[in-house]
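Notes for the one structure printed next.
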Amino acid sequence: MALQRPKGTSDHLPDGSPKLSLDTQARAFQRVTDVARGVLERSGAQFIATPIFEEPELVRRGVGETSDIVTKEMFTVYYFGEHGGFILRPEGTASVMRAYLQNGLKQLPSPLKLWTQGPMFRAENVQKGRLRQFHQLDYEVIGGDDPLIDAEAVAVMMSVVEALGLRQVTLKLGSVGDPADRERYNAYLREQFGRRRADLSPESLLRLDRNPMRILDSKSAEDQAVVRELAVRPMLDFLGEQAQAHFASVRRYLDAWGVSYQLDPGLVRGLDYYRRSAWELHHAGVGAKSALGGGGRYDGLAEQLGGPATPGIGWALGIERLLIAMTAEGLELPLSPGPHVYLAALDGALVGQVAELGLQLRSVVRAEFAYRALKPAVALRDAGRRGAVYAALIGPEEAGRGVVALKHLSSGVQRNIGLDELRDVLGGPDFVNPDFVNPDADDRTTHPQPSTNQEQA
RNA sequence: GUGGGUUUAGCUCAGUUGGUUAGAGCGCCGCUCUGUGGCAGCGGAGGCCGGGGGUUCAAGUCCCCUAAUCCACCCCA
């Protein structure tokens with residue numbers, strides 16, 4: 001076995017590769033980003049790109065010192081020398097905020113909508129929909145705290161998912177309140193669960209210290225029983241006045257727009273920087289962890305990074321997870337187009353000339369040529385397998401008359417075309433277009449095939 | 001970090017209670033095919049049987065270790 005790619009990474013492959021699935025198909029990634037770009041730019045977001053490695057401090061202060069990401073999932077990269085290493089970014093928001101602060105983007109009209117896309121890195125163990133290098137689409141709005149921005153962000157995220165054709169999605173919406181609210185809630189939870197330590201699962205005993213809110217969505221039956229018996233009140237009950245008003249306003253907008261969501265009073269998010277609005281988008285098809293993406297408000301992040309207080313909100317979608325979800329819904333990409341014309345010389349002496357013709361035709365259409373002389377049968381078979389629309393055969397006879405034998409593969413219609421009109425013919429409508437099939441065409445130059453059609457659907 | 005499944009040709013897989021030079025289908029390349037394709041027939045290339053160690057006269061097959069992969073826990077996209 002030759003060398004293999006590192007664990008938890010994937011190659012994005014060309015169409016036709018064996019073992020190809022949507023989430024490893026290069027063109028599918030392209031497609032998702034293109035669709036997203038359309039939606040996001042129509043929403044007013046501008047593209048921003050940041051390095052994939054950053055100072056460790058950015059991630060520690062952004063994502064949170066005690067989060068799983070920082071404590072056990074960071075990739076560190078070193079270069080020759082004494083430097084203490086960089087972090088491969090585990091998510092995009094901290095970097096975008098860092099770039100906003102560092103580059104004075106504050107002077108752009110505010111609030112500023114940005115989007116980015118690219119690889120993220122987390123050194124986790126691998127399972128369905130979870131890779132060590134995965135790809136995210138990010139949308140961030142910096143410089144505004146109006147609830148309308150929250151509602152718009154959610155709506156934009158839903159538009160992206162919709163534009164991809166996904167239908168079976170569930171939006172879970174909640175609010176994690178302001179920091180003071182969360183402190184009060186955590187204190188409440190510690191007090192409640194503290195009285196039932198004996199009945200909690202071992203994992204939840206750990207959660208009790210680190211993040212008691214996690215106990216609420218534990219899968220263990222014993223924990224669920226405790227939660228039920230204690231009739232634990234949800235985070236939403238603990239929202240302060242302002243957070244409460246903000247959340248109510250966000251919901252009013254979404255309700256008015258007909259954006260359907262499931263209220264999740266106990267929604268927990270894993271990154272420390274979230275405030276107030278928080279949401280997750282789920283899909284049944286992606287496996288045990290069904291989140292396609294999530295988002296929320298992060299008004300405290302800029303200050304944590306050492307900048308002036310700057311409100312912000314954003315979301316991220318996992319591209320691989322979107323593709324898995326698309327697979328689960330049976331969505332497929334249309335066939336990738338083959339060359340428009342495949343040229344083949346029938347005689348060794350003509351190979352160079354034919355290649356030159358191909359190079360010239362590329363100003364009009366996708367043109368490929370054979371690298372050696374082929375027999376007509378082989379040339380046609382080759383052209384067909386490559387998915388070409390036309391095959392152009394040039395032998396001594398054609399070369400002598402200054403024409404090419406141009407065959408429309410799916411219809412079998414063939415004509416001799418003069419070199420001077422070839423560009424126009426290839427750039428124009430297909431032979432199969434009735435306007436184009438010459439009614440006076442000589443029978444001797446057309447060879448309709450017994451229709452053994454295939455691919456062309 | 002933990003648990004279970006898997007690993008033989010480019011792909012999908014056979015391979016008997018351990019027994020000579022490890023097979024098939026598909027794909028790839030070529031020929032049949034002196035200027036008209038997708039079919040068919042024939043031929044060819046392509047395997048440290050994931051890696052390492054052990055048991056044995058003999059290991060793809062049994063044992064141990066290890067890696068990768070898939071799924072799940074944890075956590076997240």
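Letters go in sequence order (proteins before strands), and every chain restarts at 1.
A residue-by-residue look at A:Gly318 and A:Leu380 shows that A:Leu380 has its nearest nucleotide of RNA chain B further toward the 5' end. Mapping A:Ala405 and A:Glu91 onto RNA chain B by nearest heavy atom places A:Ala405 at the nucleotide closer to the 5' end.
With a 3.5 Å ceiling on both atom-pair distances, B:U61 lacks any Watson-Crick or G-U wobble partner. Nucleotide B:U6 forms a Watson-Crick or G-U wobble pair with B:A68, both donor-acceptor distances falling under 3.5 Å. Of the nucleotides present, B:G44 is the one that pairs with B:C28 by Watson-Crick or G-U wobble criteria, both distances under 3.5 Å. In this structure B:U34 sits in no base pair that meets the Watson-Crick or G-U test at under 3.5 Å. B:U21 makes up no base pair with any nucleotide shown, lacking Watson-Crick or G-U wobble contacts both under 3.5 Å.
Under the 30°/60° scheme for interplanar angles, the aromatic rings of A:Phe29 and A:His12 are found to lie parallel. Ring geometry for A:Tyr185 versus A:Tyr188: interplanar angle under 30°, hence parallel rather than tilted (30 to 60°).
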Practice task
Heavy atoms under 4.0 Å is the rule here; annotate nucleotides 24-31 of chain B 5' to 3' with B where the base is hit, S where only the sugar-phosphate is, and - elsewhere.
Solution key: ----SSS-
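For A:Glu356, the side chain to side chain contact (heavy atoms under 4.5 Å, CB included) partners two or more places apart in sequence, or in a different chain, are A:Gln360. Taking A:Tyr342 as the reference, A:Asp382 meet the side-chain hydrogen bond (donor to acceptor under 3.5 Å, both in side chains) condition, with sequence neighbours excluded. In terms of the side-chain hydrogen bond (donor to acceptor under 3.5 Å, both in side chains) criterion, A:Gln304 has no residue partners (sequence neighbours excluded). Shown here are the side chain to side chain contact (heavy atoms under 4.5 Å, CB included) partners of A:Met120, two or more places apart in sequence or in another chain: A:Arg89, A:Phe134, A:Gln136, A:Asp138.
Nucleotides B:A59 and B:G52, compared at atom P, are 14 Å apart to the nearest Å. Separating the P atom of B:G23 from that of B:G46 is a span of 14 Å, rounded to the nearest Å. Nucleotides B:C48 and B:A22 are separated by 13 Å at their P atoms, to the nearest Å. B:G60 and B:G51 are spaced 11 Å apart, taking the P atom of each and rounding to whole Å. Using atom P as the reference point in both B:C49 and B:A9, the two lie 9 Å apart (nearest Å). When the C1' atom is used for both B:G18 and B:C62, the distance is 8 Å, rounded to whole Å. The separation of B:U7 from B:G15, taken at their P atoms, amounts to 11 Å, rounded to a whole angstrom. Only the P atoms considered, B:G38 is 14 Å distant from B:C29, to the nearest whole Å.
Within the 4.0 Å cut-off from OP1 or OP2 of B:G50, not a single side-chain nitrogen or oxygen of A:Gln4 is found. Look at A:Gln136 and you won't find any side-chain N or O under 4.0 angstrom from OP1 or OP2 of B:A77.
Here B:G35 presents its C1' atom at 7 Å from CG of A:Leu346, a figure rounded to the nearest Å. Distance CD1 (A:Ile319) to C1' (B:A77): 10 Å, rounded to an integer number of Å. When the P atom of B:A67 is taken as reference, atom CG of A:Asn125 falls 11 Å away, rounded to whole Å. Between the CD atom of A:Gln127 and the C1' atom of B:A72 there is a distance of 6 Å, given to the nearest Å. Atoms CD (A:Glu397) and C1' (B:U36) sit 12 Å apart, rounded to a whole Å. A:Lys7 places its NZ atom 8 Å from the P atom of B:A67, with the value rounded to the nearest Å. The distance from atom CZ of A:Arg321 to atom C1' of B:A77 is 5 Å, rounded to the nearest whole Å. Taking atom CG on A:Asp23 and atom P on B:C71, their separation rounds to 9 Å, with Å as the unit.
Judged by distance alone with a 3.5 Å cut-off, no donor-acceptor contact links the side chain of A:Glu73 to the base of B:C74. Between the side chain of A:Glu398 and the base of B:G35 there is at least one donor-acceptor pair of N/O atoms closer than 3.5 Å.
Residue A:Pro396 is in base contact, counting any heavy-atom pair closer than 4.0 Å across all strands shown. At the heavy-atom level, A:Gly293 lies under 4.0 Å from the strands shown only through sugar-phosphate atoms. Within 4.0 Å of A:Gly295, counting heavy atoms only, lies no atom of the nucleic acid at all.
A salt bridge links A:Glu152 with A:Lys113: the closest approach of a Lys/Arg side-chain nitrogen to an acidic carboxylate oxygen falls below 4.0 angstrom. Salt bridge present: A:Asp15 and A:Arg27 bring a charged side-chain N and a carboxylate O closer than 4.0 Å. A salt bridge does not link A:Glu41 to A:Arg37: none of the charged nitrogens lies less than 4.0 Å from a carboxylate oxygen.
Listed by first and then second residue, the ring pair (Phe, Tyr, Trp, His ring centres under 6.0 Å) pairs that reach into residues 34-69 of chain A are A:Phe47-A:Trp115, A:Phe53-A:Phe86, sequence neighbours excluded.
Listed candidates were B:G37, B:U69, B:U12. Nearest to the side chain of A:Lys19 is B:U12.
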